[in-house]
Amino acid sequence: MLITGIKSRPVYDQLRPLPGGIRHLVAGQGSGGRAMLRLLDEMPEQGMQTTLLYSQESFSGLDFLAELQQRQVAELRVYPSNQELVADLERILGNARMGTRLYLSGSESFIGTAMQVATHYDMNSDEVLREHAGSFVRRIWCVHCDSYTENVTQRVFQCPGCNAMLVVRDHYSRRLAAFQAVKADAEVPGELPEAEELDT
Amino acid sequence: MTIQFRPDETYRDDYTYANSPECIARAPFPFPDDEYMYSMNLEPHVSVGDGALKAIFDIDEHYISECRDRAITLEKDPGMHYVSAPHMMEAQWDLLELIMESYASDYPEYFTLEKDGTRWHWTNTLLNIDDTFTFGDPSTLPYEPMEYITRQAQGDWVLQEERDGTLYWGAGIATQRADYSLRFNLGMAWHEFHGPVPLLKETGMLDRALKFLLRLRCGHPVRRLNWSLTVNPRLDVSAESLPDWAPDRTTVTAENAGKLVYLRIELQPLHRLPRSNAIVFPIRTYLLNLEDIATNPAWAKRMHRVLKSLNQELVDYKGFTRYRDAAVEWLSQFDDGQDEEVVKAG
Ligand code: HEM
């Protein structure tokens, strides 16, 4: 089983104004605020058609809320966690998604879970852009106990769900918005691969 | 054709699975050469010989036992080994029809299918099944159509839907999958689920194989072979159950490799499906241990050379890094260094 060098990790875009939208949803988290600000600079005419969604959850501690509050937009919605932002995004897209353009910026885990919602509403690649920001901390799915762990930075870690020592593979599923992890010492219990930082 | 079935074999715990000499002889031996590397080994799926390549979907003496093992695995972990996206229902019916028609025409002594409009009557004497149902109406079957028919079929089955110039994993039943997770792969695109395979992308093979499959036409199936090694005749070697079977890899020695190490051959005949335009990818697995292989000295000799010279990246990917040397040493007794033709399967 291959652990590293797998080619299923998503490739990200750079946020830029998308044509044809009547409503722009710009959603970001933590250090993703920087790309949100840059995007707003590039679309000064669309302020009143723009809704900002910002989660202050951050792995690196960066917070762009003060700058975002200075911008002239239709609405700024602020959330304490990424999960609450994504739940609200689900409600917003459920009410109206025709003519909506979605811009996502933040961690891989944030983008991945927000994309699950966008995919559920059949948004296609002309309607969504994703820009990665911050460290590549990973959201992990344990193949053995079906649990998810956020913000993993180590190749080998202990699963909070089943306590197994897991090794994180580079294999990524967009449907689960997560990387896969498998038991690290499956062949010989206790014989672990070398600890290393993930490529953050 | 009469098959002497072995109805009471196990693929777990006491591992009573074993091959008759006839069953060994009919296996699709996967090594055309003394050296092995991935290649575009796709060919038209036409009937050849009297062995595994004769029928549209091959069954053999293990049919009853293998269906039982599938049922055990499905019952153990619901939702883990059979998954289907909701929009795959049409492809599921396509698959049910394809398997029923193929089995009934290739094995009329075991399977019959009578159609009266959408009222279908299906009998499977090997599993004592006699069902009448309405084609297209899932409420008339005890399971979803794909699960219903593949519980009566050998091998794993995957349904791929074609969208945006690629293939997406829409459904699957996989109780004998080699080291991957079905739930993880559901919804993945062609290049994503092949992501873990070494060398495929770099050599351009992944693009070429996809192009080939997108041109696949209804009624013109193609097939290919793949292979790996497994310790013990175990069908369920999923990523999920890794902790149950990976420790067996440490038990192999040059003395016991003949009994413990199994060549796992995958016959993969791909079909385009008529209504849904989906593609079905069956993975029909044959398990032969090295002692079985050695009943054909030319096979043993060839396999010795293949394993000995195999690219280390493939060894690591296929998961037998720990016991490659033991298997090579056991097989070396059949290689005198002389060259002779190896009899091909079929
Ligand atoms: C739609 C049909 C197909 C499906 C669903 C499929 C699926 C898979 C899966 C799940 C794996 C294991 C990946 C892992 O380790 O996680 C795999 C391996 C592989 N596939 Fe495919 N595949 C298909 C068709 C093909 C074709 C047509 C080719 C080449 C012509 C191909 C070449 C390979 C190779 C070389 C491997 C590595 C096998 C090994 O070393 O054991 N596949 N495939």
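Proteins get letters first, then strands, A, B, ... in listed order; numbering begins at 1 in each. These values consider heavy atoms only, across backbone and side chains, with no hydrogens, waters or symmetry-generated copies.
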> With side chains defined as the heavy atoms from C-beta onward, is the minimum distance between Met1(A) and Tyr180(B) less than 4.5 Å?
no
> Count the heavy atoms of every other residue, nucleotide or ligand shown that sit under 6.0 Å from CZ of Arg16(A), and state whether that count exceeds 12.
no
> Any idea which of Leu186(B), Leu242(B), Thr250(B) has the most non-hydrogen atom pairs under 4.5 angstrom with chain A?
Leu186(B)
> Heavy-atom distances under 4.5 Å only: say whether Arg322(B) touches chain A with side chain, backbone, both or neither.
side chain
> Answer yes or no: are there more than 12 heavy-atom neighbours, outside Glu42(A) itself, under 6.0 Å from its atom CD?
yes
> Hey, what do you get for CD (Glu313(B)) to CG (Leu2(A)), rounding to the nearest 0.5 Å?
8.0 Å
> More than 12 heavy atoms of other residues, nucleotides or ligands under 6.0 Å from CD of Gln83(A): is that the case?
no
> Looking at Pro196(B) and Arg169(A), what are the two nearest heavy atoms and their distance?
CB-NH2, 3.7 Å
> A quick test of your reading: do over 12 heavy atoms of other residues, nucleotides or ligands sit less than 6.0 Å from CD of Glu35(B)?
no
> Which bit of Asp179(B) comes within less than 4.5 Å of chain A, counting heavy atoms only: side chain, backbone, both or neither?
both
> Any residues in residues 171-192 of chain A near chain B, with a heavy-atom distance under 4.5 Å, and which are they?
His171(A), Tyr172(A), Ser173(A), Arg174(A), Arg175(A), Leu176(A), Ala178(A), Phe179(A), Gln180(A), Val182(A), Lys183(A), Ala186(A), Glu187(A), Val188(A), Glu191(A)
> Provide the closest heavy-atom pair for Val143(A) versus Ser181(B) in the form atom of the first, atom of the second, distance.
CG2-CB, 3.7 Å
> Is it the case that more than 12 heavy atoms not belonging to Arg97(A) sit under 6.0 Å from its CZ atom?
yes
> Which answer fits Asn185(B), side chain, backbone, both or neither, if we ask what part of it has an atom under 4.5 Å from a heavy atom of chain A?
side chain
> Against chain A, work out which of Met80(B), Met188(B), Lys201(B), Arg183(B) has the most heavy-atom pairs shorter than 4.5 Å and name it.
Arg183(B)
> Between atom SG of Cys142(A) and atom CD of Glu240(B), what is the distance when rounded to the nearest 0.5 Å?
9.5 Å
